[in-house]
Structure formats: structure tokens, C-alpha cells
Enquirer: 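Here's a structure for you.
Counting starts at 1 for both ligands and their atoms, in listed order. As the structure is a prediction and not an experimental result, all values here were calculated from the model.
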Amino acid sequence: MEMNRQGNVAPDGEVLHPSLSKEAKETAEKLRALAQSDRLAFWGEMSKDITWFKEWTKILDEGNAPFYRWYYDGQLNACYNCVDRHIKGWKKNKAAIIFEGELGDTRVLTYWDLYREVNKFANVLKNLGVKRGEVVTIYLPMIPEAVIAMLACARIGALHSVVFGGFSSDALKDRINDSGAKILVTANGGYRRGKPVPLKNNADTALQGNQCPSIEKVVVVRHTPDDVPMEPGRDLWYSDLMNEAGLYCEPEVMDAEDPLFILYSSGTTGKPKGILHSTGGYMVGVHTTTKYVFDCKDDDVYWCTADIGWITGHSYIVYGPLSNGATTVLYEGSPDYPAQDRFWAIIEKFGVSLFYTAPTAIRLFMRWGEQYPAAHDLSSLRLLASVGEPINPEAWMWFYKHIGRENCPIMDTWWQTETGAHLVTPLPGDTSFKPGAATSPFPGVEVDIFDEEGNSVKPGEQGYLVVKSPWPSMLRNLYNDSERFLNTYWNQFKGVYLSGDSAKRDEDGAIWVIGRVDDVINVSGHRLGTAEIESALVEHQAVAEAAVIGKKHELKGQAVSAFVTLREGFTGSDELIAELKQLVVSKIGALARPEDIFFTSELPKTRSGKIMRRLLRDIAEGKVLGDTTTLMDPEIISSIKDKYDKEAG
Ligand code: PRX
């Protein structure tokens, strides 16, 4: 492409990169100008790319804020937008999903194939008695059936609740019970680094002894050669059901504000919360951002490496790309199986042009070495993107040089499960990039950085990253918990959305996201609540109290680190550490396994009894202790520090 000349690094580290194209530059200018002049008109304009069964006439209802309603008298179906509308023209035969299995098996589903499969599975769900508004839990590996199941739910107006395949049976059980799901869709197994992932066994454990009373049927996809026990009357093979299902299922006409899905995500306290997204606003948000942030075009091959179990998979593997009629790559395995060049081999194999991944993966690739990407033809790439945590400038530059070969701009996209779609990101029409900065609000999004009093901070100062006005793809509520919804997001600054992140603006106005300010930690781009891990630890008979922190980690961003006090009669040992780690794995999943566990006789607490995790983090990271004046007993913290420095430091 002619415009893609060599990038230039300015003395301050800024990367001057030619705009992706003249058109991308004009588009960025046009979008920003429109949003600037009339924010709501901008979102009205963006909604025109969505196919509405009934056009909306009212764009935003703020009457019951923060329970906002967008496009609320419009009607549509998300599945229709992702599938049906593309089969009417040439896209009928276009690849919708390119699936690459860990073993190297490839399956391509055209839009027509996807249409057929989704219609049939929608009929399967209906035949099993699923009704509009009911919940279906999906616990699957990264296989096309996961996308088919999600879209089939959307087609019949059922809500899907996808549970990441890496979560344990306990975590699955909690999520099923919170949502009251009627059907569970799982697989006999998945693959991870050549080893089987026992999804069906986990599901059986979750359901045993009527622990999930709402579940009536379990649909099992046969993905691995492994045999699994099937409970008569409850468990049904996906393939058997599909063989009998009718070929067409009329899409439900959904109101814009009807919920589309629930996705559980970790919060500061208690159990994960069910984040609820609506149909109309969500579709407008993910469609628009996929189109403009990724410059997604008809001839692109787009690959997002996230798992479908996270919001990135929902918005940017399924709904955003498919709504745009794009080709989306689905890869089941890990980046180092069978070798550390697997990602680059996949890009080369399918001619991937748009590539979206996470900083934690990039840091891993840096460690493995540039010889792996260098051995592959990556010339099909034209745009790169990053998500999940702040990208450190070194990783940004490595990504830019060794993957993009200085020919691809990088979109550092900041957003959250709650926001549904990107909120802060550069645009492909930009010509100057600051490695490490998420840069600017997406057009039509009003982001600010507040101090404690709710005033905008000055350039260079750190503060709370907030969103000052509603946006279409915002979460609508927490499932069955409006009070927590209000307390978590809306009560600190009235009428303003609190993201839980801190950020700063530089002199040029670019936004730099720093990280969470609450008790949520980010391990390899996975969001975990310290409270969840602590409650797993205290279930062990030896544990009196536990405090979990996210400790800086070179590859993972943060690693789980636990401080534990023991009950009378118990002493710390390597065996106990191993047992506690295993307990966390069984309660939550391997992603939450503590990197280290440190036994202490006491934990630092405030006078009101709150554990001061901030100080424990200072200790674990070898920093000078922060403010200790609110501690009940300041002595304790220095003795923990001495012991830690001696034993663990
Ligand atoms: O701390 C921010 C971080 O990930 C959190 C959201 O996590 P989750 O809801 O699991 O969604 C992840 C994918 C959107 C945020 O509160 N985060 C995400 N993207 C970035 C980021 N931090 C800095 N820069 C980003 N680009």
C-alpha cells in the first residue's frame, strides 16, 4: 500500500506513522467533527448501519438515569444483523468464520453455513423449551459451535451467559445459579497445549446432587475423541439434536432495550457480577467501533486472539465482526503449541490483515524472541490492536517493529466488560501515536479524569477515569442487582460513570490509562477480584484470614500474591502452600492460582477493620511503604515487611 511508508520515531518517543489511507484520515476527521457538533446525532447516524425491523424515533431516554435507554422504540434482532442480512448478496459464500484447531484442523463456515447452523440450533433451543428472556449458559472451547450457540440465543431472544472454559466447576456452578439458566451447552472436551480440557466433567461436577436446580438439559458438543458419561434424560448430543432440527427459525423481533446477554465479571467485593447488555445500543457500539477502529473492510481477514468467554470475544470475535460481514478467525489453542511461532503461522496461513491481541501476549512473544515472527510472511497485516491492560511502550515498539514491520498502526483500545465497546482509542486515520497511551475518546464518548471532588484534573495529574455522559453500548444493569449497579458505578460522582481505573492526560491531551484503583486485579489481561480469591483461601480449615493483591509481574502485568494468617494449631509449610494454590484453582480456575503465598501472624488493618492491601502491595513490590497513619497498629506493617524481605524478598 502506497501510504504505508516507514514509521518515524520522534525524539519524545512519539511514533509518526502515515495514516492508514487518505480515506481513513478523512473518515476520522468526519466522525470527530460530527460527534463534536452533535453527539446524539452522531450516534443516530451510526445506528443506520444496523438493520432495524422497526426504525427508532427516539434516541435516548434519560428519564430514569442511570438506567438509560437507547434507540428505545426501535426493534431489531442481533443474530439477523450478524447473519441473515449478509446472505442476501455475494457474502453468502464469504467465509464468516475460519476456525483453526489446536491440532491444525481447519474449518471454514461461510455466511450461508453459519446461517444454516444458527437456524438449526435456534430450533434446538426452542425444542428444548427455551423461551424469549430465558438464560442459556455456554461453557465451550473456542470452536464454531460457541458462536453458533450465542447467535442462536440471540435469534430466539434468549440471553446467553458464556462462561470461560478455563473456569472451574465451582465458578460455573455459581454463574449458572445466579442466572437461573435452563440449558447448559458444553463439549466433551477442549484442547490446551495438546492436553484435553475436561469441560463435560467440570459441568457434571457443577451439576451433581442437584446443585444447579434450574438446569433442565445439557447439550454436549463432541469435539475431542474422548468418551464422557451422559446422564440419561439430562444430557443430549448436539449432533443428534441438530440432525432433527428444522432448517429455519424466524428471528424474534426484539425491542432495542431487550437484554442480549449476561457476562460475569469480577468486582471489588463479593462474587462476580452479571453484567447485562441490551440489544440495540450494544449492536450499534460494537458495529461502529469494529468498522472504524479496525478499519474493517470486506476483503479483510480479521483475527482477535481473545477467548469468547470474555467481553473481547463477545464484542470483537462475534458481534462486531459478524455484524460488519467480516471474516473472523477463531483459534482454539495456545500461542506456543506446537511451537512458539503458532500465531505467526496462523497469520501467514490465512492472510490475516487485522490483528487484535493483548499486551501480556506481546511480552511473552518478546521473551521468546523475534526469530519466530521473522520466519513468517506477515505482509498481509495492515493494522494491529491491543486490549486488556496498559501496553508498556517497549511492548508497543516491539509489536510495531517485529509484527507490524513498521507498516501497521496500533490501536490501543481501552474499554471494559461494562462499556461493551471501545471507549478510548486512536483511529486508523491518525498519524501520530504515543506508545503506551490509549489516546483519545472514541467520537461520541465523553471521557474525563476526576479528582476526589469530581473536578477535572490538570494535565499530568492522575485521577479517576470516568465517562460523563451515556453511550449506546453501556451496561444496562447488573443481573438482579440494581443496588450494586448504582453503588459500583454511579454513586461516587452523580450522573457520571466510574470505571474503576485511574488515568492521566498529558500536555497534548492524550489519555494514559494507569490501572485499577479498586480491589480488582489484572492477571494476563484477565480480570479477577481479590475478594473472590480470598474467600476461596479462607475455605481451607487452616486459614484464618487472607489478603490478596496484584503484584507487578514482568509478563502477566500482575500476579496473584496472597498474605495468609493461620488458625491456632496450624503452621505454614510447602505442602500447605500447594494445597491452598490448588484450592483456588478448584474454586475459580487456573487463571487465579496464586504465584506466591506468604504466611504472616497478622494483617495490617485500619481502625475500622479494613485490610490495607495497598500496603501489602508496597511490601510485595519492594517499595517504600505508603501512608500508614490510618492503621490500627502501625507496628504490624513493619514487622510484616521485615519478615517478607527476609523470607520472600
Ligand atoms: O483496567 C482496565 C483494563 O481492563 C479492565 C477491564 O477488564 P475487562 O472488563 O475484563 O475487559 C477487558 C477487555 C476490554 C479495565 O478496567 N484495560 C482494558 N483495556 C485496557 C486496559 N487498561 C489499559 N489500557 C487498555 N487498552
Side-chain angles (χ1 to χ4, degrees), residues 162-164 166-167 261-268 272-277 282 285-286 289-290 293 304-320 356-363 384-393 395-396 399 410-426 433-442 445 447 449 462 464-467 473-475 478 488-489 497-504 510-530 532 550 556-558 591-592:
V162 182
V163 177
F164 171 54
F167 276 126
F261 65 83
I262 308 170
L263 183 57
Y264 286 87
S265 188
S266 296
T268 304
K273 42 198 186 188
I275 290 169
L276 191 70
H277 279 287
Y282 176 80
V286 298
T289 47
T290 303
V293 176
C304 165
T305 66
D307 192 283
I308 273 182
W310 308 111
I311 191 69
T312 308
H314 283 57
S315 300
Y316 298 110
I317 294 179
V318 182
Y319 290 108
Y356 194 21
T357 194
T360 183
I362 299 168
R363 289 193 296 266
L384 305 174
S386 163
V387 62
E389 54 180 312
I391 179 164
N392 45 314
W396 197 104
F399 199 29
I410 301 179
M411 303 301 122
D412 174 4
T413 61
W414 176 84
W415 59 295
Q416 308 177 295
T417 308
E418 291 87 341
T419 70
H422 305 145
L423 290 194
V424 181
T425 173
F433 295 85
K434 297 190 178 195
T439 315
S440 1
F442 187 77
V445 174
V447 161
I449 303 170
Q462 196 169 320
Y464 297 100
L465 183 57
V466 298
V467 192
S473 63
M474 64 199 300
L475 79 165
L478 294 180
T488 311
Y489 308 108
Y497 171 83
L498 183 74
S499 71
D501 279 340
S502 64
K504 63 179 187 206
I511 294 170
W512 297 70
V513 178
I514 294 160
R516 302 287 308 193
V517 279
D518 51 13
D519 291 323
V520 169
I521 58 179
N522 191 329
V523 180
S524 300
H526 296 153
R527 179 167 157 182
L528 294 166
T530 51
E532 287 166 72
K556 301 177 177 176
Q558 287 186 313
L591 69 166

Enquirer: Heavy atom of A438 under 4.0 Å from ligand 1?
Expert: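 A438: no contact with ligand 1 (<4.0 Å).
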Enquirer: So is W310 in contact with ligand 1, going by heavy-atom distances below 4.0 Å?
Expert: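 Judged by the 4.0 Å heavy-atom criterion, W310 does not count as contacting ligand 1.
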Enquirer: How does Q416 reach ligand 1, by side chain, by backbone, by both or by neither, if only non-hydrogen atoms under 4.0 Å count?
Expert: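 For Q416, the contact with ligand 1 is made by both the backbone and the side chain.
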Enquirer: Taking the six-membered ring for Trp, are H277 and F261 parallel (under 30°), tilted (30 to 60°) or perpendicular (over 60°)?
Expert: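 Tilted: the ring planes of H277 and F261 meet at 30° to 60°.
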Enquirer: Tell me which protein heavy atom sits closest to atom 23 (C) of ligand 1, plus the residue, atom name and distance to 0.1 Å.
Expert: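 The closest one turns out to be P390 N, 3.1 Å.
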Enquirer: Which residue supplies the protein heavy atom nearest to atom 7 (O) of ligand 1, what is that atom called, and how far is it?
Expert: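 Protein heavy atom at minimum distance: R527 CD, 3.5 Å.
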Enquirer: Using a 4.0 Å heavy-atom cut-off, say whether N522 meets ligand 1 through its side chain, its backbone, both or neither.
Expert: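 N522 to ligand 1: side-chain contact only, backbone stays beyond 4.0 Å.
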Enquirer: Can you see which heavy atom on G420 is nearest to which on S315, and at what distance?
Expert: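 Nearest heavy atoms, G420 then S315: O-OG, 2.7 Å.
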Enquirer: Taking only heavy atoms of V387 into account, list the atoms of ligand 1 that are under 4.0 Å away from them.
Expert: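 Near V387, meaning under 4.0 Å from one of its heavy atoms, ligand 1 has 13 (C), 14 (C), 19 (N).
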Enquirer: Could you pull out the closest heavy-atom pair between F399 and A385, with the gap in Å?
Expert: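 Distance-wise, the nearest heavy atoms are CE2-O, 3.8 Å.
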Enquirer: Any idea which of T417, V517, L423 brings a heavy atom closest to atom 9 (O) of ligand 1?
Expert: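 When every heavy atom of T417, V517, L423 is considered, T417 comes closest to atom 9 (O) of ligand 1.
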Enquirer: Does D501, backbone or side chain, put an N or O under 3.5 Å from an N or O of ligand 1?
Expert: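 D501 vs ligand 1: N/O contact under 3.5 Å present.
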Enquirer: In terms of ring plane angle, is the pair F164 and W310 parallel, tilted or perpendicular, where the classes change at 30° and 60°?
Expert: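 The rings of F164 and W310 sit tilted, inter-plane angle from 30° to 60°.
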Enquirer: Please indicate whether any nitrogen or oxygen in S386 is less than 3.5 Å from any nitrogen or oxygen in ligand 1.
Expert: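 N/O-N/O distance below 3.5 Å does not exist for this pair.
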Enquirer: Do Y356 and T413 get their side chains close enough for a donor-acceptor pair, meaning under 3.5 Å?
Expert: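 A donor-acceptor contact under 3.5 Å links the two side chains.
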Enquirer: Distance only, no hydrogens: is a donor on one side chain within 3.5 Å (strictly under) of an acceptor on the other, for E532 and S266?
Expert: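 Distance-only check passes for E532 and S266.
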Enquirer: Should the pair W396 and F433 be assigned to parallel (<30°), tilted (30 to 60°) or perpendicular (>60°) ring geometry?
Expert: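 The arrangement is tilted - the two ring planes meet at 30° to 60°.
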Enquirer: Near V513, which atoms of ligand 1 are under 4.0 Å from a heavy atom of that residue?
Expert: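 Going through ligand 1 atom by atom, the ones under 4.0 Å from V513 are 22 (N), 23 (C).
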Enquirer: Considering only protein heavy atoms, which is closest to atom 13 (C) of ligand 1, and at what distance to one decimal place?
Expert: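 Looking at atom 13 (C) of ligand 1, the protein heavy atom closest to it is T312 OG1, 3.4 Å.
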Enquirer: Which residue holds the protein heavy atom closest to atom 4 (O) of ligand 1, what is that atom called, and what is the gap in Å?
Expert: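 For this ligand atom, the closest protein heavy atom is G388 O, 3.3 Å.
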Enquirer: Taking R516 for its side chain and I521 for its backbone only, find out whether a donor-acceptor pair lies under 3.5 Å.
Expert: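 The answer is no, because no donor-acceptor pair under 3.5 Å joins these two groups.
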Enquirer: If you compare all heavy atoms of P441 against all heavy atoms of V447, which two are closest, and at what distance to 0.1 Å?
Expert: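 Residues P441 and V447, closest heavy atoms: CG-CB, 4.1 Å.
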